Amino acid sequence: MTEQPVPDHLDVVDVSTQGLSRLLRDEDPELARWIEELVATLKSPRETTLAGWNSFLDPGAGSN
Amino acid sequence: MEQLSRPWSRLQLTRSEFGRLAAGRGDTAALHRLRCAQRNRTVLVLKNLADRNASLAASAFLLGHAHDAAPTAVDVLLGHPWLAVWAVDRVRRDTVGRPDYLPFAALAAAALAGWSDAPVPVPPRAGLVPVPGLGVLRRSGGGQTVTPADLTGRRWTPIRRWWFTHQSLTLDLGVDDVDPYRDCFGLPVAARLTPQRAAGLKRSVGRAWRLLVARAPGHAAELAAGMSLFVPLAGGSTSRHSVTHADGFGAFAADPDLTPVDLAVTMVHEFQHSKLNAVLGLVRLCEPTDPGRYFAPWRPDPRPIDGLLHGTYAFTAVAEVWAALRAHPGLAAQATARFAVVRAQLDWALRELARAPSLTSAGRLWTDLLAERVGRLAAVSLPVAADAAARREVAEAERACRRTIAAG
């Protein structure tokens with residue numbers, strides 16, 4: 001039986017079974033698009049605001 | 001000719017893994033998935049960096065060849081917290097104001113692959129050469145390369161790695177007090193611990209581990225499956241005694257002089273942040289546009305929704321540990337007092353989460369599962385005076401925070 005998906009799942013490409021050297025040589029445009037999206041997300045203002053520590057620190061950041 | 005794409009699979013949490021993580025029962029499979037997700041992200045970022053920078057590409061390919069030769073060991077390296085922190089920082093800012101970490105990771109990979117005599121290029125100005133997960137080498141000259149065979153002798157300082165086993169459950173913990181890139185937490189880190197101080201810390205971690213395995217075995221099992229690295233903080237610089245980095249899965253920094261019981265609670269607390277950070281890389285729990293600020297009972301300042309989610313998740317686990325420690329003859333009074341306060345804090349936190357409009361369906365599901373855990377804690381019987389004092393303390397904190405929010 002297939003499990004129900006988690007709602008609001010982000011789309012993350014899975015390269016975990018690829019060898020790193022093969023991945024580095026891979027020129028698949030779809031993979032390039034996935035990586036561009038990931039990098040854009042990591043550079044987004046929200047991600048950079050929340051970057052770094054999150055515990056007992058900077059009241060301005062995404063701490064607990 | 002345009003190259004055709006091939007199908008790519010997605011890295012996803014199953015619903016049952018998500019549920020077990022929210023419920024504090026993250027088993028080995030769920031934690032393996034989180035580690036895998038963190039490594040997956042690091043590898044994708046490394047490819048982006050290698051595609052844009054020839055120097056980094058050379059190091060990345062060396063790392064890749066070592067991965068072919070020793071996949072299991074190099075997989076661990078690719079999941080190293082400082083490599084992830086550096087890679088994400090590097091892709092965001094293009095420069096990180098210090099030598100790139102990737103050549104050092106390539107050196108570690110060569111060592112792990114057993115290429116003793118392979119000359120690995122390292123930044124020429126690096127007098128101190130960190131070798132992720134292994135140690136640091138102090139260099140006297142300005143050579144362009146280091147071989148794994150150089151990682152020995154009096155110039156080599158290895159990272160301490162300790163194994164603690166109690167009731168067949170093992171915590172495998174590295175203590176990093178040498179790698180200069182361990183300073184990512186934004187707090188002063190301790191210098192290399194003396195043998196005497198390290199022995200004291202080892203005793204404390206051992207006692208903490210026995211406490212957790214005996215009293216909070218579910219949380220201990222999670223730590224065994226996912227916590228990997230401890231960074232001692234410098235003493236006297238701050239009253240805040242522990243911290244986690246959002247990109248450094250499995251690592252935490254803390255005061256090395258914590259008591260065993262505080263260390264036990266701290267390890268559980270900080271690992272919740274690691275888990276939730278990894279979950280947030282896979283599932284959207286809240287809308288990113290929520291401008292709201294919420295009362296987070298463990299903080300004097302109003303928090304954004306992410307902070308409230310983090311705190312509620314972490315302190316739910318903390319409350320569970322304190323509740324379990326109440327049965328320990330030597331800790332009952334301390335555990336009862338701490339549990340009363342944290343339980344009262346969680347009541348408020350859940351009320352705040354309930355009014356947050358920005359939680360997604362997944363966020364509501366996550367919060368509902370946390371509420372079930374807090375509901376079980378509500379059934380724990382406490383002395384009336386302790387419970388009342390805790391609730392008064394938290395209510396006063398809430399009023400103070402509301403005044404701060406009202407004042408803008």
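Since the structure is predicted, the reported quantities are computational estimates derived from the model, not experimental observations. Protein chains get the first letters and strands the later ones, always in sequence-line order, with residue 1 at the start of each.
Here the closest non-hydrogen pair linking B/K47 and A/L31 is CE-CD2, 3.8 Å. Of all the heavy atoms in B/S361 and A/P7, the pair that sits closest is CB-CB, 4.0 Å. Looking at every heavy atom in both residues, B/D51 comes nearest to A/L24 through OD1-O, 4.2 Å. Shown here for B/G281 and A/L10, the closest heavy-atom pair between the two residues is O-CD1, 3.7 Å.
Proximity to chain A (any heavy atom under 4.5 Å) is shown, for B/R39, by neither the backbone nor the side chain. Within the 4.5 angstrom heavy-atom criterion, only side-chain atoms of A/L38, from C-beta onward, approach chain B. Only the side chain of B/A50 comes within less than 4.5 Å of a heavy atom of chain A; its backbone N, CA, C and O stay farther away. Interface remark: A/R33 contributes no atoms to any contact with chain B (heavy atom separation under 4.5 Å). Heavy atoms closer than 4.5 Å to chain B are found in the side chain of A/V39, but not in its backbone. For chain A, the nearby part of B/L78 is the side chain; its heavy atoms alone come within less than 4.5 Å.
Under the 3.5 Å distance criterion, the side-chain polar atoms of B/R92 are matched with a main-chain donor or acceptor of A/L42. Here the side chain of A/D8 pairs no donor or acceptor atom with the backbone of B/V283 at under 3.5 angstrom. Remark: side-chain polar atoms of B/H67 are paired, donor with acceptor, to backbone N or O of A/L20 under 3.5 angstrom.
Evaluation of the side-chain hydrogen bond (donor to acceptor under 3.5 Å, both in side chains) rule for B/Q272 yields B/K275 as partners, not counting sequence neighbours. For A/E36, there are no side-chain hydrogen bond (donor to acceptor under 3.5 Å, both in side chains) partners at least two apart in sequence or on another chain.
A/S16 OG to B/R35 CZ: the interatomic distance, rounded to the nearest 0.5 Å, is 14.0 Å.
Side-chain contact between B/Q12 and A/D14 is absent, with no heavy atoms from C-beta onward closer than 4.5 Å. Inter-residue side-chain proximity for B/N40 and A/V12 is flagged as met; some heavy-atom pair is nearer than 4.5 Å. Using a 4.5 Å heavy-atom cutoff, the side chains of A/H9 and B/F18 are not in contact.
Here B/L282 is the residue among B/L44, B/L282, B/T360 with the most heavy-atom pairs under 4.5 Å with chain A.
In this structure, A/R22 places its CZ atom where only 12 or fewer heavy-atom neighbours from other residues, nucleotides or ligands lie under 6.0 Å away.
Between B/D68 and A/S21, the side chains place a donor N or O and an acceptor N or O closer than 3.5 Å (distance only, hydrogens not considered).
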